[in-house]
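Shown next, in structure tokens, is the structure this report addresses.
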Amino acid sequence: MHDTRLSTCLEADGVRVATIEHLMSAFAGLGVDNAFVEISSAEVPIMDGSAGTFHFLLQSAGIVEQSAAKRFIRIKKTVEVRDGDKWVRFDPFNGYKLAFTINFAHPVLRPPGRKSR
């Protein structure tokens, strides 16, 4: 068993599902924004640690365009949430723009040109 404390989780109505990031990445990469997923575990399988398997399986199953209009969230004022040294902020913007930074000590995540210790 591996430690999944830093994995992405969804929680609603007392149910929590962990390690959703690879499946969600495959959905985003394929433009899927409306899906129903059934699982029988507390975690989505991590497969090879990438979205590749999910991407392949979703393409194999087929993607159907729906006639319903997409719904969007408009950020009208800055929203910021902090939890210790972690934070996320949404700022109003006329369009789509995404920027993120991850900063913690791990040999895999080091600035370019810097050797591991």
Side-chain angles (χ1 to χ4, degrees):
M1 170 127 340
H2 297 281
D3 183 1
T4 57
R5 283 179 291 171
L6 297 177
S7 68
T8 305
C9 302
L10 285 178
E11 189 168 350
D13 300 324
V15 177
R16 182 176 188 265
V17 179
T19 63
I20 65 162
E21 55 269 27
H22 303 124
L23 177 59
M24 297 302 288
S25 178
F27 283 149
L30 291 167
V32 174
D33 61 7
N34 188 9
F36 186 82
V37 178
E38 288 187 32
I39 65 169
S40 58
S41 177
E43 293 183 355
V44 175
I46 62 169
M47 312 300 234
D48 68 352
S50 77
T53 303
F54 294 111
H55 188 276
F56 171 77
L57 291 171
L58 288 165
Q59 279 191 313
S60 297
I63 298 170
V64 177
E65 183 140 350
Q66 298 177 338
S67 60
K70 284 187 180 184
R71 295 173 55 188
F72 296 90
I73 297 172
R74 181 173 305 277
I75 307 299
K76 294 183 175 184
K77 64 180 184 176
T78 298
V79 177
E80 184 172 295
V81 177
R82 291 185 174 270
D83 181 8
D85 63 345
K86 299 178 288 288
W87 61 274
V88 63
R89 181 177 64 223
F90 295 95
D91 292 314
F93 182 75
N94 188 19
Y96 179 80
K97 178 171 69 171
L98 178 68
F100 66 91
T101 301
I102 186 169
N103 183 12
F104 62 90
H106 191 281
V108 174
L109 303 171
R110 64 182 181 274
R114 190 168 149 207
K115 296 184 181 193
S116 55
R117 300 174 189 195

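The figures here come from the full heavy-atom set of this structure, side chains too, leaving out hydrogens, waters and symmetry mates.
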Open item on the list: Please report the interatomic distance CG(Leu58) to CG(Leu30), rounded to the nearest 0.5 Å.
Closed with: 6.0 Å
Open item on the list: Let me check something: do Tyr96 and Phe93 share a hydrophobic cluster, defined by ILVMFWY side-chain heavy atoms less than 4.5 Å apart, either directly or through other members?
Closed with: no
Open item on the list: Which residues pass the salt bridge (Lys or Arg N to Asp or Glu O under 4.0 Å) test with Glu11, not counting sequence neighbours?
Closed with: none
Task: Sequence neighbours excluded - salt bridge (Lys or Arg N to Asp or Glu O under 4.0 Å) pairs with any residue from residues 89-102 - done: Glu80-Arg89, Arg89-Asp91
Task: Contacts of type salt bridge (Lys or Arg N to Asp or Glu O under 4.0 Å), residue Lys70, not counting sequence neighbours - done: Asp33
Task: Separation between CD1 of Ile63 and CZ of Phe27, rounded to the nearest 0.5 Å - done: 9.0 Å
Task: Sub-4.5 Å side-chain heavy-atom contact between Pro92 and Thr78 - done: yes
TODO: Using modelled atom types only, decide if a donor and an acceptor are shared between the side chain of His22 and the backbone of Gly49 within a distance under 3.5 Å.
DONE: yes
Task: Over 12 foreign heavy atoms within 6.0 Å of CE, Met24 - done: no
- [ ] Write down the atom of Thr53, the atom of Met47, and the distance for their closest heavy-atom approach.
- [x] CG2-CE, 3.6 Å
Open item on the list: Checking Arg74 now: which residues fulfil salt bridge (Lys or Arg N to Asp or Glu O under 4.0 Å) with it, not counting sequence neighbours?
Closed with: none
TODO: Could you note down all residue pairs passing salt bridge (Lys or Arg N to Asp or Glu O under 4.0 Å) where residues 98-107 supplies at least one of them, sequence neighbours left out?
DONE: none
Open item on the list: Test of understanding: with side-chain hydrogen bond (donor to acceptor under 3.5 Å, both in side chains), list the residues that count as partners of Asp48, not counting sequence neighbours.
Closed with: Ser50
Open item on the list: Can you give me the closest heavy-atom contact between Pro45 and Phe54, atom names plus distance?
Closed with: O-CZ, 3.2 Å
Open item on the list: To the nearest 0.5 Å, what is the distance between OG1 on Thr19 and CD1 on Ile39?
Closed with: 7.5 Å
Open item on the list: Check this for me: Leu98, atom CG, are more than 12 non-hydrogen atoms of other residues, nucleotides or ligands nearer than 6.0 Å?
Closed with: yes
